[in-house]
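Accompanying notes for the structure given below.
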Amino acid sequence: MSDAKKTRSKVPEGESRFLKTTQKQADEKGYVGYNTTWTPFQKEVEYKTPKRP
């Protein structure tokens, strides 16, 4: 086996309707992580007290 440092190929960004995944830089041990960004899919509406009869 050689002592050459292993490299991880660059993975393209993954996109779906509510999710986006990007690859992080490798750390000193060679671990490659991923960032996951969620976009909200529900709208938040301010609560209003109902009218009294």
Side-chain angles (χ1 to χ4, degrees):
M1 301 249 170
S2 65
D3 291 330
K5 190 174 183 180
K6 294 181 180 178
T7 57
R8 177 85 180 228
S9 60
K10 182 71 177 165
V11 177
E13 289 185 355
E15 289 191 41
S16 65
R17 188 171 175 191
F18 303 114
L19 181 69
K20 184 175 183 180
T21 306
T22 54
Q23 185 177 5
K24 294 182 183 178
Q25 293 294 325
D27 63 4
E28 62 276 351
K29 294 181 180 179
Y31 176 75
V32 178
Y34 297 91
N35 282 333
T36 306
T37 309
W38 288 93
T39 54
F41 52 89
Q42 291 181 337
K43 294 181 182 178
E44 239 180 81
V45 180
E46 183 181 336
Y47 178 76
K48 294 181 182 178
T49 309
K51 291 182 178 179
R52 296 202 150 207

Query raised in the report: So which heavy atom on T39 is nearest to which on R17, and how close?
Result: OG1-O, 3.9 Å
Query - Exercise: identify the closest heavy-atom pair between Y34 and K24 - result: O-CE, 4.0 Å
Report summary line: Heavy-atom nearest pair, T36 first then L19, reads CG2-CD1, 3.0 Å
Query raised in the report: Under 6.0 Å from the CZ atom of F41, do we count more than 12 heavy atoms belonging to anything else shown?
Result: no
